[in-house]
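Presented below is the structure to which this report refers.
Every number for a ligand or one of its atoms is a count from 1 in the order of the listing.
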Amino acid sequence: MTDLELSPETMRQLLRLATDRIVNHIESLPDQPASDVEGGAELARSMREPLPESGERFEALLEILFDRVIPKSFNTAGPGYLAYIPGGGLFHSAVADLIACSVNRYVGVFMAAPGLAQLEANVVRWFCEIVGYPAAAQGFLTTGGSLANFTAIVTARAERLPRDFMKGVLYASDQAHHSVRRASRLAGFPPENVRVVPTDARYRIQTSVLREEIARDRAAGWTPFLIVANGGTTNTGAVDDLSDLSDLARAEGLWLHVDAAYGGFFLLTEDGRRALAGLDRADSVTLDPHKGLFLPYGTGSLLVRDGAALKRTHAVQADYMPRLQEEAELVDFCEISPELSRDFRGLRVWLPIKMHGISAFRSALQEKLDLARLATSTLRTIAGIEILAEPQLSILAFRLVRPGLEGEALDELNRRLLERINARRRVFLTSTLLRGRFAIRICVLSFRTHRDRLEEGLEHIRAAASEL
Ligand SMILES: *Cc1c(COP(=O)(O)O)cnc(C)c1O
């Protein structure tokens with residue numbers, strides 16, 4: 001093929017061939033191993049190739065992808081994926097992306113595609129509604145939580161610190177996601193300007209210690225400006241006391257950012273609303289639709305309570321740009337975010353929500369909370385299992401204990417337990433350290449994970465524990 005413009009027949013043919021492969025793949029997800037990366041480096045090496053001068057048949061390329069390359073991976077889309085933070089990847093979003101890329105309209109500037117820009121603005125507005133933000137709130141879609149946290153820190157810096165901001169101090173708990181430390185560095189703050197605040201027995205920030213640290217820093221000539229709180233930590237799903245923190249932030253004149261990348265969409269459930277009470281009082285919130293709304297990777301968001309702060313932080317003029325909007329309710333995303341040209345992320349959120357309504361997401365999220373509770377109560381019936389973190393949302397952590405065994409020997413026992421569970425390939429779990437102890441995590445968040453697979457995984461944990 002030399003002409004880059006494909007004929008209508010060829011386009012239809014490509015879609016047909018791809019559709020067959022994709023649908024077969026999705027149908028087989030439950031039967032695929034939960035993880036299979038043995039020999040992955042060899043595969044990667046065998047794939048290196050020089051820039052091709054001429055083309056190949058599409059079918060041959062699909063074969064490489066679906067037969068050789070895709071199977072060697074964590075099955076992140078399958079029902080047994082209880083590792084890290086699952087997403088799932090709603091197929092509707094793939095269709096939305098196909099449409100978005102095919103029409104290739106530009107949504108960074110309102111007047112380039114007013115209806116499509118509005119559609120993305122609607123999605124942001126729905127998120128604000130879920131959080132309970134006022135009409136003045138504003139936000140945008142990012143590629144993920146890391147970039148949302150980064151923009152939150154930059155915006156807080158611009159709003160609360162002078163141009164010379166090297167005396168600025170920000171506070172995050174010892175359970176904060178590592179993207180917060182990276183974002184702080186990228187935003188210009190070296191580690192000396194980032195305070196790590198200890199957490200309590202449930203891994204929630206100790207607000208009283210935080211209050212003391214703020215006072216101590218002020219007395220030492222620092223300028224406290226930002227608290228980054230957790231709306232569901234990655235380690236254990238811990239939710240900080242957001243009401244207390246907003247009181248403290250308000251009293252001290254600090255910006256409160258809540259990293260709810262993992263936990264935020266649980267606001268759609270009653271249990272989640274209770275756990276996350278006070279979130280609506282935060283100055284900014286990170287939400288990751290590619291986690292809590294089960295979308296494909298590449299969709300995060302940042303919401304800011306006083307939306308005008310985003311424009312003050314980001315807007316820059318240029319002579320070659322089209323005319324931008326004056327009216328507050330018409331959004332030029334390029335003026336309130338760090339990006340100019342980018343993909344049309346809104347459609348992949350809009351389509352599944354419009355097709356199902358939010359109620360389908362609400363019940364799927366409630367199911368995840370119930371499954372995490374079921375996992376905890378079942379684990380309690382297994383001899384030797386100790387729960388290290390009960391689920392506050394849909395993550396829990398446990399380990400196997402043995403009388404007389406501690407320290408590195410105990411960690412090693414649990415490492416072997418984890419290997420044995422994962423070797424059965426029906427569920428894929430990962431580990432973390434909690435207060436220095438090796439802990440096995442279960443994170444239930446895929447829309448494809450239901451009771452049957454969870455119970456199967458729990459039986460495998462029981463069997464593996466009895467073999468050790
Ligand atoms: C996943 C996660 C992040 C990072 O988000 P990405 O979308 O992976 O960039 C930040 N904070 C928390 C709490 C998370 O769970």
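Salt bridge annotation for Arg425-Glu38: present, with a cationic side-chain nitrogen under 4.0 angstrom from a carboxylate oxygen. Of the charged side-chain nitrogens involved, none lies within less than 4.0 Å of a carboxylate oxygen, so that Glu335 and Arg312 do not count as a salt-bridged pair.
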Are any protein N/O atoms closer than 3.5 Å to the N/O atoms of ligand 1? If there are, list each pair with names and the distance to one decimal place.
residue: ligand 1; atom: 5 (O); partner: Gly145; partner atom: N; Å: 3.3
residue: ligand 1; atom: 5 (O); partner: Ser146; partner atom: N; Å: 3.4
residue: ligand 1; atom: 5 (O); partner: Asp288; partner atom: OD2; Å: 3.2
residue: ligand 1; atom: 7 (O); partner: Gly145; partner atom: N; Å: 2.7
residue: ligand 1; atom: 7 (O); partner: Asp288; partner atom: OD2; Å: 2.6
residue: ligand 1; atom: 7 (O); partner: His290; partner atom: NE2; Å: 2.8
residue: ligand 1; atom: 9 (O); partner: Gly145; partner atom: N; Å: 3.3
residue: ligand 1; atom: 9 (O); partner: Ser146; partner atom: N; Å: 2.8
residue: ligand 1; atom: 9 (O); partner: Ser146; partner atom: OG; Å: 2.6
residue: ligand 1; atom: 11 (N); partner: Asp259; partner atom: OD1; Å: 3.2
residue: ligand 1; atom: 11 (N); partner: Asp259; partner atom: OD2; Å: 2.6
residue: ligand 1; atom: 15 (O); partner: Thr234; partner atom: OG1; Å: 3.0
residue: ligand 1; atom: 15 (O); partner: Lys291; partner atom: NZ; Å: 2.8

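Side-chain contact check for Asp200 and Gln206: no donor-acceptor pair (N or O, by modelled atom type) lies under 3.5 Å.
Phe447 and Phe294 have tilted rings, their planes meeting at an angle from 30° to 60° on a 0 to 90° scale.
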Problem set entry | CA sep, side-chain torsions, deciding dist, call: Arg281, Leu245, side chain to side chain contact (heavy atoms under 4.5 Å, CB included) | CA-CA 9 Å; Arg281 294 171 60 203; Leu245 286 172; over 6 Å; no
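When each of Arg195, Arg211, Lys167 is checked for a salt bridge (Lys or Arg N to Asp or Glu O under 4.0 Å) with Asp217, only Arg195 meets the rule.
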